[in-house]
Number of protein chains: 2
Amino acid sequence: MYTPSVHFVQILKRYRQGKSISCNRPGAVMKAKTSDRISGQDAGPPADGERPTLKTIAFMAGLGVTTVSRALKDAPEIGQATKNRVQLIAKQIGYRPNRAGVRLRTGKTNVISLVLNAQSEIMGLTSNMVYGITEVLSETPYHLTVTPYSVENDPMQPIRYIVETGSADGIIMSRTEPNDARVRYLTEHGIPFATHGRTEMGIEHPFHDFDNEAFAYRAVKSLGERGRRKVAMLAGPSPSVTYYRHLDRGFARAIGEGGVGSVSFSGIDVDTSLASIRDRMVEIMSGASRPDGIVCCSGSAAIAIVAGIEAAGLKIGEDVDLASKQSTDVLKWFRPQIIVFNEDVRQAGRELARAVLGRISGRDAKDLQTLSYPGESND
Amino acid sequence: MYTPSVHFVQILKRYRQGKSISCNRPGAVMKAKTSDRISGQDAGPPADGERPTLKTIAFMAGLGVTTVSRALKDAPEIGQATKNRVQLIAKQIGYRPNRAGVRLRTGKTNVISLVLNAQSEIMGLTSNMVYGITEVLSETPYHLTVTPYSVENDPMQPIRYIVETGSADGIIMSRTEPNDARVRYLTEHGIPFATHGRTEMGIEHPFHDFDNEAFAYRAVKSLGERGRRKVAMLAGPSPSVTYYRHLDRGFARAIGEGGVGSVSFSGIDVDTSLASIRDRMVEIMSGASRPDGIVCCSGSAAIAIVAGIEAAGLKIGEDVDLASKQSTDVLKWFRPQIIVFNEDVRQAGRELARAVLGRISGRDAKDLQTLSYPGESND
DNA sequence: TCCCAAATCTGAAACGTTACAGATAGGCTA
DNA sequence: TAGCCTATCTGTAACGTTTCAGATTTGGGA
């Protein structure tokens, strides 16, 4: 049994009184920080107002920094009494580990990086994602940094930067593609990440996805139930982001089951500017083969579609029905007639945060894949 | 004149060939990193695949780390030829300073923290703010971290955390109050920051603000021009955030100039839930003393107001006019009849980023205060 | 010839943390 | 009594950077 000869309370007391004290170990006398030239570790209390470090606690407890470091992380080789003392002092003086010190020593950054496309902002998506993520991270030592890239730039650029500079322990990214270079790169480099959306590369990785296939399927079905017989979908530009494929698949499946026919939109997709969508919709809805039901996967595009429909002299809910995904309530307020399916982006943020953290702590990628389903909120 | 005896190209070449080489200084032979027990600094090249450090460059150039460190930051006491060599090598091997090392040594984090209220999200505000900020930061070594707090929490909590842990060099925050505890605290602690919105504390600090007084004033005037004679404003909860005061002031000034009378809304404000706003609007607009013009400072609240008005059987642009601030185009698409005034939040983000950076680099707070004016985008 | 100043460059120390390889004391065994 | 094991605790080194206080060389002046 190892018994420290001086109890910390005495030291703490004398320390608080500003007295020069000597420790239970040789050489441990109070002295100025800068004039510390002796090789021993317990050089003395820090100057007033400075942030407490392990050294501060070590001095106050009459222990070595190593012991303090271990005591604070509940290492098995530290006595229970010592742990209690150390943890109490740490709490009392408001000790917080210096992130730079930890990072330099261990390489662990305690940072999660959210990589975003700064252009493709669908109403409120980014905000809610950020809030969802931070909600989860706030209970951990992790911070969130945001690293956007513009469309003109290579999506790989921010990823490479993060990996090369080791500036994050994990990455969350969106606009996932079927064959995603970022996923491949990060997998090769063994960096934990989670994607919003799935890939089709045969690489298992953490993701969270909204079931867009289910959404498109149910959207068509809903339109059919309202007697619509000729529906169209505002799809994504063909081969890029994965979720566009899922939309197509769900749409095709619903159509394939019969009862409802389809026409296709040409010249526009969800990435087209709102003004172009509106203008094209006027043309389409004025034409002979106009659809009587429309599926749309973006709240803002839905607004442009409505504008076009009404500019063509038709009425939502009467001449034509619109079923759309929404991530904020705006659409419901906009035209109550719109059939809306909710995607909870904040929840997605939470799931994604949990997924990266899980991956960081070594959990299997397969157990970190979640899907959320469209919530039909109206009628 | 100090002349290194071995030119770096030779060293670099041999280094690249993996050959064991000896440097121009004694003791500088290639050896494994871990077995480095000699006190000299130039221990040898790092293991393959590891990130280059100053040591790597120092070894390759046949210089000391100190010299390399200084050469990279263009210190005056380093010869021009050496600077060129060092900078060339650094570029070639893709050297990037280790942030943890810098941070530990200098205390500089190279981080800007955006402190946000996670609840009061006005459509797209956060996203655009974030994008604006990162646009500016992307040309600097600064990273952006997001630190949200929930309404239930003390707004001071994240601020204290950042200051106590020294986790950022500068802070950007919103929902500025006339007498803002955060501003006082940060000023006392000498931490650079910029606020979105102004205070009324007599403390000079960097800010960016939208001129809400001008907005409210012009909104009332616009309504007057359309023949509206009894206008009301959906104001903020009285004493809190500064910009509500500016709204009141602008509104009062416009009313004071005559021609237009005012009625007041009771029971709701911009922070009320959208459903409550809608419900209350139905009551108000069904009453005898209903306004014929409404001023609203939030896009989402405007949507709820419109819903209420229409539920009461009235038409926007005919029975009543609505003038609202918007930060995305949604309102314009929602009801083209709404009189909208644009606030460019992305631009605000840019200004705020420039303001904190300016403060960090020691510029005077007074020179870092900007105001933006409502852009009337329709008619 | 000697010394000094200017121009360059240098190692050691420090920031705060953790990993490594012991140290120390007490109790127990033989 | 000597020796060993266990339970605790320890100092040193290292992560990569910058600062401090010198070193070293060269050229020039006395």
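This one's a predicted model, so the numbers in the text were calculated from it and none came from an experiment. Convention: sequence-line order gives letters A, B, ...; per-chain numbering from 1.
For A:R70 against D:dT10, a side-chain N or O and a base N or O form a donor-acceptor pair under 3.5 Å. Between the side chain of A:R103 and the base of C:dT18, no donor-acceptor pair of N or O atoms lies under 3.5 Å. Side-chain atoms of A:T106 and base atoms of C:dA19 include no donor and acceptor less than 3.5 Å apart.
The side chain of A:T82 sits closest to D:dT8 out of D:dG16, D:dT10, D:dT8. Side-chain proximity of B:T66 to the nucleotides C:dT17, C:dT10, D:dT8 is greatest for C:dT10. Distance from the side chain of B:L54 is smallest to D:dT18 among D:dA21, D:dA13, D:dT18. Which of C:dG16, D:dC15, C:dT18 sits closest to the side chain of B:K55 comes down to D:dC15. Closest approach to the A:N98 side chain among D:dT17, C:dT17, D:dT18 is made by C:dT17 (side chain taken as heavy atoms from C-beta onward). Ranking D:dC15, C:dC15, D:dC9 by closeness to the B:R105 side chain, first place goes to C:dC15.
Distance CZ (B:R85) to P (C:dT8): 13 Å, rounded to an integer number of Å. Whole-Å rounding puts the A:R99 CZ to D:dT17 C1' distance at 19 Å. Taking atom CG of residue B:L104 and atom C1' of nucleotide C:dA13, one finds them 13 Å apart after rounding to whole Å. Distance A:K108 NZ to D:dA14 C1': 20 Å, rounded to the nearest Å. The distance from atom CG of B:D74 to atom C1' of D:dT18 is 16 Å, rounded to the nearest whole Å. Going from atom CG of A:N84 over to atom P of D:dT8 covers 12 Å, rounded to whole Å. A:L63 places its CG atom 5 Å from the P atom of D:dT10, with the value rounded to the nearest Å. Regarding B:F59, its CZ atom lies at a distance of 16 Å from the P atom of D:dG16, rounded to whole Å.
Looking at A:R51 and B:E164, no side-chain N of the basic residue comes within less than 4.0 Å of a carboxylate O on the acidic one, giving no salt bridge.
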- Message: Please evaluate residues B:L116 and B:V146 with respect to the criterion side chain to side chain contact (heavy atoms under 4.5 Å, CB included), reporting the C-alpha separation (whole Å), side-chain torsions for both, the decisive distance (0.1 Å), and the verdict.
- Response: CA-CA 7 Å; B:L116 288 171; B:V146 180; 4.0 Å; yes
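B:R160 contributes atom CZ, which lies 12.0 Å from atom CZ of B:R182 (distance to the nearest 0.5 angstrom). Between the CD atom of A:Q87 and the CD1 atom of A:I57 there is a distance of 10.0 Å, given to the nearest 0.5 Å.
Residue-to-nucleotide proximity on DNA chain C shows that, of B:G101 and B:Q80, the 5′-proximal contact is made by B:Q80.
Looking at heavy-atom distances under 4.0 Å, A:I78 makes contact with sugar-phosphate atoms alone, never a base. If you check every strand for non-hydrogen atoms under 4.0 Å, B:T67 touches a base. B:K73 comes within 4.0 angstrom of the backbone, heavy atoms only, and of no base.
Side chains of B:R99 and B:N110 form a contact here, defined as non-hydrogen atoms less than 4.5 Å apart.
A donor-acceptor pair shorter than 3.5 Å can be found between the side chains of B:T147 and B:S113.
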